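Scroll down for the structure; my scribbles are underneath it.
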Amino acid sequence: MNTIRLQLRFLLPLLLALGGAAYLASGLLDRLTWQWFARDLNNRGALIANTLADSVNDSLVERRGMRLQALFDRAAKDERLFAIGLCGENGKLIRKTASFPRTLTCGSADELARQKDPRLLVEGGPVYVGVHQLQLDSGQKGSLVLLHDVSYAELRSQDTQRYLLIFMGVLGIAVALITVVVAQLSWRGWVSGARALLRGEGLLRPVSGSSPELEPLAADLRARLRDLEDEYRRAQGQETGWNPERLRALLQTQLRGDQVIVVSNREPYIHDRTADGIAVKRPASGLVTAVEPVMRACSGTWIAHGSGSADRDVVDAHDRVGLPPGHEEYALRRVWLTTEEEQGYYYGFANEGMWPLCHVAHVRPVFRESDWQHYRAVNQRFADAVVAEARSEDPIVLVQDYHFALLPAMVRAKLPRATILTFWHIPWPNPESFGICPWRREILEGMLGSTILGFHTRFHCKNFIETVDRFLEARIEHEHSVIAAGGEETLIESYPISIEWPQESERSGWKPVEACRRAVFARLGLARDSYLAVGVDRFDYTKGILERFHAVERLLEKRPEWVGRFSLVQVAAPTRSALEEYHSFQERIQRVTQRINARFGRPGYQPIHLLATHHDHDAVNELFRAADACLVTSLHDGMNLVCKEFVAARDDERGVLILSRFAGAAREMREALVVNPYHVEETADALHRALTMPGSEQRERMASLRMTVQEFNVYRWAGRMLADAGRLRLRERIQARVERGQLDDEVPARGSRRLTAVR
Ligand code: G6P
C-alpha cells in the first residue's frame, strides 16, 4: 500500500510535468510554424511580385487595364493566393481582383504588412497580407498587395499541435508505465539499501542485493567509517561493553585459560587483630579498588605484602589465603617483610624516592643507598615468589606500580616466556625530573623486562619513552610505541584505569539519597537546609587537601552568605604516617582546619569536618550520596578513582564533581567542573557554581559522567591489556614455530619478544 502511494506520489507530478511540457511546446510550435509560413509567404510574394512586375509595367505604359485585370485574375486562381491589388504612386488602389476585400485600402494594407502578425480575417477565412514595392520602368512607383490564403497553414498548425499533444501523452504514459515497472522491481532494493545505509548496515561491508545506485555513497561512507573506527580504536581501545563474564571469556579463549599472577605491594584485604578478634579491612588504595574485581573475575593468584597484624594467622602453610573472605574466588599469597625491609623498600625507596619523583608535587625525593639495596632485594623476593607460584613456563604476570620497577626483568630472567604486563598507577615525570634518580638506568631496564608497560595516559607514555631515549641505548619505534632494549621489545601503551560499576545487587542495598543525607547531616550536626561538599582521600600531600581547604576559606571570605550554610566533610585516610613528610603534612592540615573553623565557625556550625580515619566503602558511599558536591583537587594524580566512585554512587543524577585538571581522570570526565587546584580563587568560584547549579544542569552533567564511567569500567581496562597480551602470545607462538620450522605447538626455549608486527 505504501509503495503504491509512493509511486502515485511520484507518477502524478510526472504526468503533470509532461502535460505542462506538451502545452508549452504546442504554444511554442504555433509561433514557430507561423514564423516559417511568414518567411515562406514573403519569399513567395516577392517571387510573384517580380514575375508580375514586367506585365504590370507594360500594362500601365500601354494603358491596357483589361489585360492587367486578366493577369491578376489568373494569378489569383492559385489556391493559395486569395486576392491581388495594385496600388499606385498616390496610394490609390488602381486594380484588384474580385476577391480583394472592399474594406482594405492601400494604406491599411501597408500598415498591416508592417506588423509582426499581418493576418486579416476576411470572408473566405484568414489571409496573410504582403505588400511588395514595384520598380516600374516607366519610373512610376507602385506596390502589389498580395493576400495569401493561410487557412491551410492554420489547419496544418492545428494538426501539428494535435499530433504533438498525442505524442507527448503517449510518451508520458510510456514513461509512467516504465517507471512503475522499474520502481516495482527496484523499490525494495532501494528502500532496503537506503535503510541499511541509514542503519549503518552495509557500511562495513556491502549488503547483498542493495541498490547499485547507492553503492558509491556506501563505499564513501564505508571508507570514512573505517577511518573513524581506526581513530576510535586508537583513542579508546577495543569495543565497549566490558563486564566480568566478558573478561573471563577472554581469558578462556584468547589466553587459553593461562594462569594469571598479580604482584602488588598492597594486599586487597588486611587481617588485623582487634579487641573483638580478627577484623578484615579493605585498604584505601586506588590500585586495590581497581585490581580486586579483576582478580575475582580471573581467579588467579595475587602476591602482596602481608602487612596486617593478623595476616599470618589466617594463611595456610604456603602463606596463601582464599579471598574475598567467605567467597574464595582467588588466592592471596602473602610475602613477609622484616621491619628493615619495609622501612627501606616501602617507606624509603618507594615512598620517599619514587613517589615524590613521579608526582611533581613539590616534595623533594630522597634517595638513600640503603633504601635502594632493600628495594632491589625485596623486588627479588617478590620475583622469586612469582616464579614459585607459576604453574607453567609462560604465566601472565600483572605487575603493579612503582614498588616493583625492577621485578619485570627479574621475572623475565627466570621465566623468559612469561607475559609480563606492568602497570604504573602513578604519573611518569619528564626526563629532566626523572634524571635526578641515581639508579635511573636500573629502574628503566627493570621496567623494560615487561612485555607491555601500561600507563594511564598517552602523556605518561610519551614521558616514559622520552626518558628511555635520554638515558638508555634503545631502539624506539615511535609509530608503534615500542621500545627495543637488550634484544627484547616492550609495548608502551595507555590503559586508563577505572572502577567496577556497581551491580544491581549492590545498588539495591543502598539507602535512598534522602536517607543518606539525613543520616550524614545528623551525624555532622548540619542544619537541614545547608549545603555539603565531600572530599575522600588518603591523607597524602599529592591530593591537594590544603589547597581545597584554602578554597573553602576563600569562598566563605568572598561570599559570606555561605557562612553557616556550607560545610566540607573531608575523609582523610591515614597513610604512610611513619614518614616525616606525611606526618608533618597531616599535622599541618589539622592546624589549618582548626584555623578556618575558628575563623568562620560558630556554635553549632563548623565549615570543615576533618575525619582523619579509615572509612569503609559503605560509609564513603553514604557520604557521596549525601553531598551536593565532591572535591577532587589532586596536585598530580595518575588517574584518581574517587571521582569515578562519586559518580557511580549518584544514581539520582545529582551532585556536582569538581575535578583537578592534574588528575588523569580529567581527560575523560569533561562534564566535571575542571579546576587548577593551585588557583584557589578558581576552585572557590567552582565551589560556588557547584552549590548554585540548577538541578537540570547537574542532571545533564552527571548522566553523561555516569555513562562514561559505566562504559569505561575496570573490566575494560584489564580486558584491553589482556587482549593485547593474548595477541602478543599468539604471535610469539606462531613466530617460534615458523623460526623452528615446526608445525606442532612446541614453544620457544627463550621468548624473544618482537612486537612490531603485532601492532
Ligand atoms: C596509590 C598507589 C598504590 C597504593 C595506594 C595506597 O594509589 O598507586 O600503589 O597502594 O596509593 O598507598 P599505600 O602506600 O597505602 O599502599
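When a ligand or atom number is given, it counts from 1 through the structure's own listing order. Only a predicted model underlies this, so the values are computations on that prediction, with no experimental measurement involved.
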Are any side-chain N or O atoms of N713 and backbone N or O atoms of Q710, one a donor and one an acceptor, separated by less than 3.5 Å?
yes
Tabulated below should be the N or O atoms of ligand 1 paired with protein N or O atoms at under 3.5 Å; can you produce that?
{"residue": "ligand 1", "atom": "8 (O)", "partner": "D401", "partner atom": "OD2", "Å": "2.5"}
{"residue": "ligand 1", "atom": "9 (O)", "partner": "D401", "partner atom": "OD2", "Å": "2.4"}
{"residue": "ligand 1", "atom": "10 (O)", "partner": "S285", "partner atom": "OG", "Å": "2.9"}
{"residue": "ligand 1", "atom": "11 (O)", "partner": "R538", "partner atom": "NE", "Å": "3.4"}
{"residue": "ligand 1", "atom": "11 (O)", "partner": "R538", "partner atom": "NH2", "Å": "3.3"}
{"residue": "ligand 1", "atom": "11 (O)", "partner": "R576", "partner atom": "NH2", "Å": "3.3"}
{"residue": "ligand 1", "atom": "12 (O)", "partner": "R576", "partner atom": "NH2", "Å": "2.8"}
{"residue": "ligand 1", "atom": "14 (O)", "partner": "Y346", "partner atom": "OH", "Å": "2.5"}
{"residue": "ligand 1", "atom": "14 (O)", "partner": "R576", "partner atom": "NE", "Å": "2.9"}
{"residue": "ligand 1", "atom": "14 (O)", "partner": "R576", "partner atom": "NH2", "Å": "3.1"}
{"residue": "ligand 1", "atom": "15 (O)", "partner": "R266", "partner atom": "NH2", "Å": "3.2"}
{"residue": "ligand 1", "atom": "16 (O)", "partner": "R266", "partner atom": "NE", "Å": "2.8"}
{"residue": "ligand 1", "atom": "16 (O)", "partner": "R266", "partner atom": "NH2", "Å": "3.3"}

W242 versus L250: any side-chain heavy-atom pair under 4.5 Å?
yes
Might you confirm whether atom CZ of R661 has over 12 heavy atoms from other residues, nucleotides or ligands at distances under 6.0 Å?
no
For F459, does the CZ atom sit with more than 12 other heavy atoms under 6.0 Å from it, leaving out its own atoms?
no
Less than 6.0 angstrom separating the ring centers of F464 and W428, yes or no?
yes
Counting N and O atoms only, with roles assigned by atom type, does the side chain of N379 sit under 3.5 Å from a partner on the main chain of L407, one being a donor and the other an acceptor?
yes
